[in-house]
Amino acid sequence: MKKDNDYIIVTPAMSPSEIVSRVRALPGVCLTSTGMRDAGQSDYKNRLRYFDLATLAPHYNRMGLFSAECHGGARWHVGIMNRRESPFDEIRFLREKMPNVLLQTLVRETNLWGYRPYPKNVIEYVVQNVDIDVWRCFSFLNDARNMRAVAETVMKRGKLFQPAISFTQADWADNAYYLKVVREIVALCGGVDEIILAIKDMAGVGSPARIGSLVDAIKQAYPELVIQYHRHATDGLALPALLAAARSGAQILDVEEDSLTRFYGQPPILGVQAYLEESGVPVHLNRQAAETAVQEVREWINQYEWAESPFKGLDHNVLAHRMPGGAFPSSFEQAEKGGFLHLMPSILKVMSLYNQIIKYFDVTPGSQITWTTCCGIVNRYAKKSGEIGVKHLIDLLERFVVEKNQDFAALEVEEQNELLSLFANAPGDFKNLILGHYGKLPMGWPDEWVYKSAFGSEWKKAIGGRKEESPLDALPDEDLAEARKTLKEALGWEPNKEQFILYLMHPKDAVEYMQFREKFGQAPYVLPTNVWREGLKKYGDTVEFEINGKPFSIELVSIGEEHEGIIHVILRVNNKMRVYAVETPRVKTKKEEMATGPNEVGSPINGTVWRLGNPRRGSLKPGDIVHKGEEIANIEAMKMETAVLAPFDAQVVAIKVELNDIVKEGQLLFVLEPIEN
Amino acid sequence: MKQIKRILVANRGVPAVRVMHTCIDRKILTTAVYSTPDRLAQHVTMADSAVHIGEGPPTDSYLNMDHIIDAALQSGSDAIHPGWGFLAENHEFGQRVIDAGLTWIGPDPEVIRLMGDKIEAKEVVEKAGVPTIPGISQVDSVDDIIRWMREENIEYPIMVKASSGGGGKGMVKVERDEDLQQALAQVRSEALKSFGDDKVLVEKYIERGRHIEVQIVADYHGNVIHLCERECTIQRRNQKIIEEAPSPSLTPELREEICQSAVTLMKSIGYTSAGTVEFLFDSNTKKYYFLEVNTRLQVEHGITELITGLDIVGIMIDVAMGKKLPFKQSDIHPNRWAMEVRLNAEDPRTFSPSFGWLTRLTEPHGPAVRISSGVYEGAAIPSYYDSLIMLIMSTGADREDAIRVMDRSLSRNLRVEGVKTLAPLLLSIIRHPQFISGDFSTRFIEENLDDLVSTFLGEDDVDEALKVARYVAEISALGTQNWM
């Protein structure tokens, strides 16, 4: 019988070429589990918490996986915004719990884990400092030039670079087109021995025959190139498509735990293994470990029902609208929150027509551009003339795209005019896209009327300003020292390297996240999901956790009535009673004004204003003239007197405190108007 | 011999609690006085009886002599101990206590007055042959200064000061002859502007001075005995925060000399009760200069008690009753090292006071530790008074031992929640190589503040757990949040 260790084919200690040759030598296929990233992104809005996912790690460690995709994509951003988890902490914890497993991320070329192109020096700095073994990198434009900075940094570090081609099923996306992209990628990476090529079927649209043919074409051109097939299950044809890819020579397949499977993620690991083996393709997997992992998921997955998409069930029409699996739950959530869930079928329909007018791949950030543009247009028509308006819009687009084959001149003048206002309110990112700010569009620029529609009278200038070069070459480097200084000011403490990188990716959200963690520490990692989301409910409810192996216990004693916006909560923390005053949004906060401007004088300490003015001149009032260095107030605290001095010759504009007020450090005391001498 | 059956302790916080401890040992009843914000304070609850003496501001209460003397009479007290601070060095108060027919536990009010007058004190001290900082008070020209320096063999730097100055105004440090003229003119002009008086005096400037003081106890029978010295060089804003005994900067010969000087001085003024002679010590020249006499019990008396085994408060009571000191100078044999830190409720970075409630308090007990506290868990820290909440003292066979014990107390055993304390700064100081090697001056903190702040101890596991608890409290009260 095989021991657990016999299943380990690749480890983080191996060089990229060693990993590639190990996979090449396998008789059949091996697997990447997306359970820790894309599974959660596709069906649970990326809300699966580290606390729960960590239970899979010991099983992954003996499962014989090629890798665990546990990082990147939108998990990074949602992590700091919604789960309050750091992607750095997560890798560190996982390394400890599954040292055998290659950790894999997903990056969006120049957009890394964000939504806009970052300058080259930011990309290099970030990639250098994130501890990941397998770097899957895709371009939503299939613009290989945009991958250069990531590729070079990853390969220089001796990590495995995994360039991905974004796949869609469309007449223009044929084998010849993809072979051209693969050629560019292989040239970029200096051959096929230190990379693995991924085919990223992010919407789940590749029919078995189409995928079989594509893999076959690539393998014929590059027999030594190891291919990994990543596919979502949305169209319902994932299993046969995986088999077709494997038969044509793909050697690594992306799967997830069966119990995580819903509709838009990857196909189920146990089912894939059984189906491929039955079909004669050996699958490298410690099935017993995989079964325990599948079982483990059932212990906690029911806590995430709230995060699932309101749109349920497979959808073969994905072939038309091409919404990627990873965008399903969040798009529908937005529609639900925005009150336009009923418009979703129309939006999907408009998307299916839009993507024939402007051709790129529906994956981040392209999918967001498609989504915001189309849902904006549909909402505009719905607001103006309701269902009839939306129907009219779809009729118009169908007539133009299908009937007239996008021959703008063939439309009636009235119809032309309507199209010319179609993109008038399109989002800025849409405009940036057709101006080339993200890179070259895969099938070239859209027709002239699109520019007229988006830019109005400025359309000629817009076309003249289109960029052909990669943003990598176009964007100037960011001043990292300056950025670090800005962050330090926002935080009030010196950020460490990880905090700085979080900030470089998502400045606003990262600062909020770090302030949250400063206040609540390890709460996101040590609390079980029900407590994390809902707290303790009734007397005696207890949550236990460990810090450095030491047990801690928090028991609810009582939650008080709300009084003036404050709720008092009594907890027993390690047997000691503690009272917490929790502010509700209704709390009446006495907001002290703080001194911020150069003409504002704040209190140097916490204390009591026991004197305004000074003994020589007496009290002060607005309009008085004070001289630089003159004492204008005195603050007393614990017997120590601290003089407040006029910072310059000035006229007193306002005195913001009264005698005997208790003031905070920095609280505004005076507003002064400098006097020119 | 006077009998003392009940002592009114005219103080609050750490000193009040300290004095009461000895009273309890001696089976003497205690009366506490308190202001309104202190009505639930530790010294009030632990006393045998208590009298309310006014509102929060000290002038209404702890500085209000009438109220305090009334309280003593009303409570049947026969003596008053002033602790330190407030009225402890107020000769008028001492006299009024005596005039009211009560026993004043402290030195003679006339001695307090004498030593409180800087000019008179300096004359008395010089007469006793104790070195004072060399200087001249009659300065008309640069030549006067140069002549004085030559005659007295004074080297630069010197300090030119306005006679009537204070608070750092009208002071210029001079390093060489060429700058004298300019400095003198500047100080004169500033003095005239600020104080309306252009009189100037010049003193030798002691660079990198250290603060060394000698504890004296004396009775009404002519016995004046020193209990050795303490070093109190670590200060912030001219307030001591770490003290130790003995001083790490003295040789046995110097120690003997300084202590004898103090005894000579105190004998010459007829001192009684407990008091301290403070010196500035120039570690470069090994010279010491008289600073002032503290005519009262001092905050840091505890470390002297630790190295000598004596109870100084007890001695003060005995002396007040007219008893003879029960020991001779030759009986005093310090046999260990003791160190004290002042745990003030202050922001350790800015020294801005921090008030509120001590929601949680764990005192750092353990081997070789003495805690002198003025608070209890839950106590309020009002904004009106001194920020001292607790003295932590450690002992050891030598300095290294005492530092080790203090490190343990501050880094692992102490826990204060609700207000900020100096603890992180104190720990950084005792871990600083310069402190450990004994190489520091009164400017140590200002010179090393950034360095000290950068080594503040991080949060421990309990802090981490409490952050989690704070989260649980918030979510339990508020429910699932939108941002989730």
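Here is the naming used below: chain letters follow the sequence lines, and residue numbers restart at 1 for every chain.
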K.L.:
Given that the side chain runs from C-beta out, which part of A:W532 has a heavy atom under 4.5 Å from chain B: side chain, backbone, both or neither?
P.N.:
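When you check distances to chain B, atoms from both the backbone and side chain of A:W532 fall under 4.5 Å.
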
K.L.:
Could you look at A:L527 and say if it's the side chain, the backbone, both or neither that has a heavy atom under 4.5 Å from chain B?
P.N.:
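When you check distances to chain B, only side chain atoms of A:L527 fall under 4.5 Å.
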
K.L.:
Start with the C-alpha distance between B:S372 and B:R18, add both sets of side-chain angles, then the distance that settles side chain to side chain donor-acceptor pair (under 3.5 Å), and finish with yes or no.
P.N.:
CA-CA 7 Å; B:S372 184; B:R18 163 66 193 95; 5.7 Å; no

K.L.:
Can B:E243 and B:R342 be counted as an ion pair, charged N to O under 4.0 angstrom?
P.N.:
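A salt bridge links B:E243 with B:R342.
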
K.L.:
Looking at chain B, which one of A:Y580, A:W306, A:F516 has the largest number of heavy-atom pairs inside 4.5 Å, strictly under?
P.N.:
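The candidate making the most pairs under 4.5 Å is A:Y580.
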
K.L.:
In terms of heavy-atom proximity below 4.5 Å to chain B, should A:A307 be classed as side chain, backbone, both, or neither?
P.N.:
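Nothing of A:A307, per the 4.5 Å heavy-atom cut-off to chain B.
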
K.L.:
Most heavy-atom pairs under 4.5 angstrom with chain B, which of A:N606, A:V531, A:I559, A:T584?
P.N.:
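Counting heavy-atom pairs under 4.5 Å, the top option is A:N606.
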
K.L.:
Given a strict heavy-atom distance threshold of 4.5 Å, which part of A:K576 is in contact with chain B: side chain, backbone, both, or neither?
P.N.:
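Its backbone and side chain both get close to chain B.
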
K.L.:
Regarding A:E85 and A:R75, does a basic nitrogen lie under 4.0 Å from an acidic carboxylate oxygen?
P.N.:
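The answer is yes: the pair qualifies as a salt bridge.
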
K.L.:
Below 4.5 Å from any heavy atom of chain B, which atoms of A:Q522 appear? Answer side chain, backbone, both or neither.
P.N.:
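Both parts, backbone and side chain.
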
K.L.:
May I ask you to decide whether A:R572 forms a salt bridge with A:E555, counting only side-chain N to carboxylate O separations under 4.0 Å?
P.N.:
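Result for this pair is yes, salt bridge flagged.
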
K.L.:
With no hydrogens and no angle check, is any side-chain donor or acceptor of A:R83 less than 3.5 Å from a backbone partner on A:I80?
P.N.:
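A pair under 3.5 Å: no.
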
K.L.:
So which residue, A:G560, A:P524, A:A523, ends up with the most heavy-atom pairs under 4.5 Å with chain B?
P.N.:
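Answer, by heavy-atom pair count under 4.5 Å with chain B: A:A523.
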
K.L.:
Is it the backbone or the side chain of A:I567 that comes under 4.5 Å from a heavy atom of chain B, or both, or neither?
P.N.:
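A:I567 touches chain B through side-chain heavy atoms alone.
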
K.L.:
Could you tell me which portion of A:V573 (side chain, backbone, both or neither) has an atom closer than 4.5 angstrom to a non-hydrogen atom of chain B?
P.N.:
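Contact with chain B is through the side chain of A:V573 alone.
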
K.L.:
In terms of heavy-atom proximity below 4.5 Å to chain B, should A:T608 be classed as side chain, backbone, both, or neither?
P.N.:
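Contact with chain B is through the side chain of A:T608 alone.
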
K.L.:
Output a table of donor-acceptor pairs, distance under 3.5 Å, between side-chain atoms of residues 458-466 of chain B and any protein atom two or more places apart or on a different chain; print 'none' if there are none.
P.N.:
| from | atom 1 | to | atom 2 | distance (Å) |
| --- | --- | --- | --- | --- |
| B:E459 | OE1 | B:K467 | NZ | 3.0 |
| B:D460 | OD1 | B:V462 | N | 3.2 |
| B:D460 | OD1 | B:D463 | N | 2.9 |
| B:D461 | OD1 | A:N548 | ND2 | 2.9 |
| B:D461 | OD2 | A:N548 | ND2 | 3.3 |
| B:D461 | OD2 | A:K550 | NZ | 2.6 |
| B:D463 | OD1 | B:R415 | NH1 | 3.4 |
| B:D463 | OD1 | B:R415 | NH2 | 2.6 |
| B:D463 | OD2 | B:D460 | N | 2.9 |

K.L.:
Please enumerate all residues that pass side chain to side chain contact (heavy atoms under 4.5 Å, CB included) together with A:K628, with sequence neighbours excluded.
P.N.:
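Residues passing side chain to side chain contact (heavy atoms under 4.5 Å, CB included) with A:K628: A:D649.
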
K.L.:
Between A:E518, A:K45, A:E562, which shows the greatest number of heavy-atom pairs under 4.5 Å with chain B?
P.N.:
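Of the candidates given, the most pairs with chain B belong to A:E518.
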
K.L.:
For the ring pair B:Y62 and B:Y384, is the centre-to-centre distance below 6.0 Å?
P.N.:
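Between B:Y384 and B:Y62, which both carry aromatic rings, the centre distance is not below 6.0 Å.
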
K.L.:
Fit a plane to each ring of A:F545 and A:F552, take the angle between them on a 0 to 90° scale, and name the class: parallel (under 30°), tilted (30 to 60°) or perpendicular (over 60°).
P.N.:
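Parallel.
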
K.L.:
Using heavy-atom distances under 4.5 Å, tell me whether B:T480 contacts chain A through its side chain, its backbone, both, or neither.
P.N.:
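For B:T480, heavy atoms of backbone and side chain both lie under 4.5 Å from chain A.
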
